[in-house]
Amino acid sequence: MRRPAPTAVSFQEMWRELRPIGRHPDTGGYRRFAWTRADDECREWFKAQAESRGLTYEVDRNGNQWAWLGDPAQGDAVVTGSHLDSVPDGGAFDGPLGVVSSFAALDELRHRNARFTKPLAIVNFGDEEGARFGLACVGSRLTAGQLTVEQAHRLTDGDGVTLPQAMEAAGYDPGAIGPDPERLARIGAFVELHVEQGRALDLSGDRVGIASAIWPHGRWRFDFRGEANHAGTTRLVDRRDPMLSYAETVLAARREAQLAGAVATFGKIAVEPNGVNAIPSLVRGWLDSRAADQASLDAVVGGVEKAAREYAAAHGVDLDVVRESFTPVVEFDHALRDELARILGKDTDLTVPVLGTGAGHDAGILSGSIPTAMLFVRNPTGVSHSPAEFAAEDDCVAGVTALADVLEGLACT
């Protein structure tokens with residue numbers, strides 16, 4: 001790969017400008033939730049970056065932002081980008097690194113005087129993390145037709161605000177959302193750069209890697225229903241305490257994941273009536289589980305549910321289990337993946353590592369409709385979805401250069 005040109009400093013400039021938006025002063029984490037003030041500021045930042053480069057800016061029917069170089073109607077466009085929203089108290093790099101790197105890569109290509117033979121677009125997909133409405137990749141799912149209009153209209157946040165209400169309050173038309181096959185038909189390839197959510201590159205000593213596949217993954221809601229009662233006067237033997245069943249199920253998830261070589265996490269919980277001196281009537285927990293293959297994932301989730309039902313029965317508690325979202329294994333387009341490896345290894349003796357990931361991405365959602373690929377940038381700690389998430393500046397610039405090389409190979413003469 002080429003050494004970074006002076007224009008790569010645009011990365012640092014954009015990073016400094018974007019970094020304060022939505023950052024919580026106490027935790028240091030980010031709260032850039034869909035259709036909130038922080039999200040709006042990020043979207044304004046994206047628009048300003050597009051316009052300052054003379055790109056054609058537009059927002060599609062699902063609220064995704066696009067910045068075009070060339071005529072989209074020409075077709076066979078090369079698209080790059082990611083997302084700007086965050087999980088609760090998330091890190092600075094997950095999503096934004098891909099968007100900032102996309103603009104910086106374009107600056108790099110202009111510095112090289114690259115001649116574009118295909119349209120190029122940079123995209124910010126809306127509500128990728130699903131932090132507000134509980135479903136990941138809403139913008140790309142709607143675009144690809146993997147989320148129906150009816151399903152989208154039923155999405156509700158913790159305050160009872162529906163997705164259409166939130167979009168309308170932010171100045172967008174919720175009546176326009178839905179599949180966008182015409183837009184997807186214009187795209188020949190989508191390449192998403194992302195900070196690695198793990199330590200594979202750090203362990204191998206490489207700055208940049210190529211994704212092979214996304215593990216199958218999903219979210220399941222466990223509703224344990226017991227009986228509310230006084231915490232100080234109800235005998236232990238008379239209690240129907242759903243918290244006990246939930247706690248045992250959390251431990252069961254860890255055991256099942258270890259047995260299958262997978263991962264499983266109960267990371268969110270809601271309790272009713274949620275009083276210190278009250279035995280709960282309802283404990284609702286959300287399970288996130290991921291595995292390298294479908295059989296392993298099925299074994300984990302099936303084992304967790306079996307254990308949960310046994311615990312619930314033992315404590316006189318009712319249990320409902322609802323699968324809220326699921327994404328099967330995603331194999332990225334092999335031809336495009338191999339082309340990225342060829343481009344990045346050109347004129348060098350380097351072999352770019354190819355690795356799988358347990359994290360979902362917009363590229364994975366779009367893979368069923370268009371050829372997609374991903375680049376990963378080294379994360380020395382492996383930490384993600386946390387304020388401790390980190391990538392060194394030199395590695396980020398190496399990612400910009402790699403992305404510029406890829407875009408040049410795909411979209412230029």
Side-chain angles (χ1 to χ4, degrees), residues 1-34 36-55 57 65-67 69 80-112 122-126 128-129 131 192-197 201 207-208 375-381 383-405 407:
M1 293 181 285
R2 299 179 180 86
R3 297 179 61 187
T7 49
V9 299
S10 64
F11 173 87
Q12 290 92 336
E13 294 172 355
M14 285 186 287
W15 196 253
R16 284 192 294 269
E17 185 178 342
L18 179 63
R19 189 159 189 167
I21 299 175
R23 192 174 192 180
H24 194 274
D26 296 330
T27 67
Y30 289 86
R31 300 181 181 182
R32 297 167 173 164
F33 308 144
T36 64
R37 178 58 187 161
D39 184 49
D40 184 60
E41 290 183 36
C42 288
R43 297 171 71 85
E44 287 298 320
W45 175 89
F46 183 97
K47 181 180 180 182
Q49 296 302 321
E51 293 178 344
S52 70
R53 290 167 172 79
L55 306 178
Y57 171 78
Q65 294 178 289
W66 299 79
L69 177 68
T80 186
S82 191
H83 64 94
L84 294 174
D85 66 313
S86 76
V87 298
D89 285 324
F93 295 84
D94 183 350
L97 180 62
V99 178
V100 172
S101 296
S102 297
F103 283 115
L106 174 58
D107 295 342
E108 166 74 6
L109 291 177
R110 284 175 162 171
H111 174 81
R112 297 178 188 176
I122 298 170
V123 61
N124 168 35
F125 283 109
E128 194 272 353
E129 295 290 8
E192 181 175 4
L193 180 144
H194 204 280
V195 67
E196 187 192 359
Q197 294 167 293
L201 291 175
R207 288 182 167 181
V208 178
L375 295 175
F376 291 129
V377 172
R378 178 166 55 186
N379 178 345
T381 66
V383 175
S384 188
H385 284 188
S386 159
E389 184 179 79
F390 178 73
E393 188 171 285
D394 287 350
D395 289 344
C396 292
V397 173
V400 171
T401 306
L403 181 59
D405 289 344
L407 296 179

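Worth saying up front: this structure is predicted, and the values here are computed from it rather than measured.
Of all heavy-atom pairs between Thr381 and Ala388, the closest is OG1-O, 4.1 Å. Counting all heavy atoms, side chain and backbone alike, Ala50 lies closest to Ala67 at CB-CB, 3.5 Å. Between Cys396 and Leu97, the closest heavy-atom pair is SG-CD1, 3.8 Å. Shortest non-hydrogen contact noted between Val195 and Phe376 is O-CD2, 4.3 Å. Smallest separation of non-hydrogen atoms from Ser102 and Gly98: OG-O, 2.7 Å. Residues Phe33 and Ala131 approach most closely at CD2-CB, 3.8 Å, considering heavy atoms.
Considering CZ of Phe11 and CG of Leu403, their distance stands at 11.5 Å, rounded to 0.5 Å. Atom CG of Asp40 and atom NZ of Lys47 lie 10.0 Å apart (nearest 0.5 Å). With values rounded to the nearest 0.5 angstrom, Ser86 atom OG is found 12.0 Å from Arg23 atom CZ. Of the inter-residue distances, the one linking Glu108 atom CD with Thr401 atom OG1 reads 5.5 Å to the nearest 0.5 angstrom. The distance from the CZ atom of Arg32 to the CG atom of Leu18 is 4.5 Å, given to the nearest 0.5 Å. Separating the CG atom in Leu84 from the CG atom in Asp39 is a distance of 8.0 Å, to the nearest 0.5 Å.
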Criterion side chain to side chain contact (heavy atoms under 4.5 Å, CB included) on Asp89 and Arg31, from CA distance to verdict | CA-CA 6 Å; Asp89 285 324; Arg31 300 181 181 182; 2.9 Å; yes

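Taking 4.5 Å as the limit, every side-chain heavy atom of Thr80 sits out of range of all side-chain heavy atoms of Leu193. A 4.5 Å side-chain heavy-atom check between Glu129 and Asp94 finds at least one atom pair inside the cut-off. Side-chain contact between Gln49 and Arg53: present, with at least one pair of heavy atoms (C-beta onward) separated by less than 4.5 Å. Proximity of His83 to His194: side-chain heavy atoms (C-beta onward) are separated by under 4.5 Å at one or more points. Considering only heavy atoms from C-beta on, Leu55 comes within 4.5 Å of Leu106 through its side chain. Side-chain contact check for Asn124 versus Trp45: every heavy-atom pair is 4.5 Å or farther apart. The closest side-chain heavy-atom distance from Tyr30 to His24 is not below 4.5 Å. Residues Gln197 and Phe93 form no side-chain contact, since every pair of their non-hydrogen atoms from C-beta on lies 4.5 Å or further apart.
Tyr57 and Phe46 have tilted rings, their planes meeting at an angle from 30° to 60° on a 0 to 90° scale.
Between the side chains of Gln12 and Arg16, no donor-acceptor pair is found at a separation under 3.5 Å.
At distances below 3.5 Å, not a single donor-acceptor pair connects side-chain atoms of Glu41 with backbone N or O atoms of Gly22.
Annotation: salt bridge (charged side-chain N to carboxylate O under 4.0 Å, His left out) contacts involving residues 383-397, sequence neighbours excluded, comprise Arg207-Asp395, Arg378-Asp395.
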